Student: 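Would you mind keeping the following structure in view while I ask a few things?
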Amino acid sequence: MFAEARSQLATVRDLLRFAVSCFNEAGLAFGHGSDNAYDEAAYLILHTLRLPLDRLEPFLDARLLPKEVNAVLDVLRRRVEERIPAAYLTREAWLGNYRFYVDERVIVPRSFIFELLEERLAPWVTDADSVCSALDLCTGSGCLAVLLAHAFPNASVDATDLSRDALEVARRNVADHGLEGRARLMESDMFAQLAGRKYDLIISNPPYVDALSMAALPPEYRREPPAALAAGKDGLDAVRVILRKAGQHLTRNGLLVVEIGHNRAALEKAFPEVPFVWPETSGGNDRVFIVSRDGLLQTR
């Protein structure tokens, strides 16, 4: 199929139609930057041709050089045959207007916490300038640590992860965004290396995939580090640790913000005494919770 396409396709429009057909026929799984075949095909084609990612229409009928057609088809073939997420093929992921380097050492950034940071966590944080210290727990690629620093300009940001490989990626992203002086990266199993440290704000997108869901993951998601996804039988192993220990590391009016996937019902059943707040995101009102330090003190 791809060999024949090399001699038959000549324009961006040709490649786009071909890619969408191939992606749909292959039954690819999406969710690493786009949620459908058309958007992902357009992104991969534009990126490979080094064209603006937000301007497809002007180039649709542009005729391509043979080497350009071959370059695009090579990327499309790998996406179909090897089931590699688009972000790993391009070595980049986007959250809004922020670009991050990614590779197979980290999960692809896609946190709903990003949407809340765009609004500086208002109305739960009433004065963004008053946030002086923040922690990104389980930082992975470091994307949320970078966004924390942008959202709260007076905050010193700590970012921790158990994976040295992930911290290497995070270090690159911190440097790319010019934040070496404000964001400190540490190897730590949850709060293990943070004794005595307190923060006005703690955020975390920890592992939260339960055992049944892990067993059913499509190939694209199996390309990601399993340790960054799997969280025990019910998906709450990491969250239990966070709820148990975060209160010790929050300032008097501090807040904890955690993403938990589809585990709201299980979490509320396990911790009925905790006054969780569930902000609305594009994924609904069950993906991220907010709880104050005082609320955490009710955790048994």
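From a predicted model like this one, the values you see are computed outputs, not experimental measurements.
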Student: Side chains of Gln193 and Thr160: donor-acceptor distance under 3.5 Å anywhere?
Tutor: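 Short answer, no.
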
Student: Does His249 use its side chain to pair, donor to acceptor, with the backbone of Lys198 at less than 3.5 Å?
Tutor: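 Checked: no pair found.
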
Student: Can you give each donor-acceptor pair under 3.5 Å made by side-chain atoms of residues 16-23, sequence neighbours left out, with the distance rounded to 0.1 Å?
Tutor:
{"from": "Arg17", "atom 1": "NH1", "to": "Ser21", "atom 2": "OG", "distance (Å)": "3.1"}
{"from": "Ser21", "atom 1": "OG", "to": "Arg17", "atom 2": "O", "distance (Å)": "3.1"}

Student: Given ring-ring contact (aromatic ring centres under 6.0 Å, His included), test His32 with Tyr88 step by step and report yes or no.
Tutor: CA-CA 9 Å; His32 294 99; Tyr88 290 159; 7.1 Å; no

Student: Can you name the residues that form a side-chain contact (heavy atoms from CB on, under 4.5 Å) with Thr11, not counting sequence neighbours?
Tutor: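 Counting only residues at least two positions away or on another chain, Thr11 forms a side-chain contact (heavy atoms from CB on, under 4.5 Å) with Arg13, Asp14, Arg63.
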
Student: Mind checking whether Arg79 and Pro85 have side chains closer than 4.5 Å, heavy atoms only?
Tutor: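 Sidechains of Pro85 and Arg79: no contact.
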
Student: Under a 4.5 Å cut-off applied to non-hydrogen side-chain atoms, are Val258 and Tyr208 in contact?
Tutor: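 When only atoms from C-beta onward are counted, Tyr208 and Val258 do not touch, as no gap falls below 4.5 Å.
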
Student: In terms of heavy-atom contacts, does CD of Glu25 have more than 12 from other residues, nucleotides or ligands at under 6.0 Å?
Tutor: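 Atom CD in Glu25 is not packed in, count stays at 12 or less.
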
Student: Just checking His262: does its NE2 atom have more than 12 heavy atoms from other residues, nucleotides or ligands closer to it than 6.0 angstrom?
Tutor: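 Atom NE2 in His262 is not packed in, count stays at 12 or less.
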
Student: With Val72, which of Leu76, Asp74, Asn70 fulfils side chain to side chain contact (heavy atoms under 4.5 Å, CB included)?
Tutor: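 By the side chain to side chain contact (heavy atoms under 4.5 Å, CB included) criterion, Val72 pairs with just one of Leu76, Asp74, Asn70: Leu76.
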
Student: Between the main-chain N or O of Gly31 and the side-chain N or O of Asp35, is there a donor-acceptor pair closer than 3.5 Å?
Tutor: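 No; zero donor-acceptor contacts below 3.5 Å.
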
Student: Between Val125 and Phe152, is the side chain to side chain contact (heavy atoms under 4.5 Å, CB included) condition met? List the steps.
Tutor: CA-CA 10 Å; Val125 173; Phe152 302 101; 4.0 Å; yes

Student: With a 3.5 Å distance limit and no angle check, can you tell me whether Asp200 reaches the backbone of Cys132 through a side-chain donor-acceptor pair?
Tutor: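 Side chain of Asp200 to backbone of Cys132: a pair is present.
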
Student: Would you mind listing every ring-ring contact (aromatic ring centres under 6.0 Å, His included) that reaches into residues 53-80, with sequence neighbours excluded?
Tutor: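 Passing the test, one end in residues 53-80: no pairs.
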
Student: Specify the closest pair of heavy atoms between Ala145 and Asp136, including all atoms of both residues, with the distance to one decimal.
Tutor: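 The pair with the smallest heavy-atom distance is N-OD2, 3.2 Å.
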
Student: What I want to find out is whether Arg240 reaches Asp234 closely enough, with some N-O distance under 4.0 Å, to be called a salt bridge.
Tutor: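 So Arg240 pairs with Asp234 through a salt bridge.
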
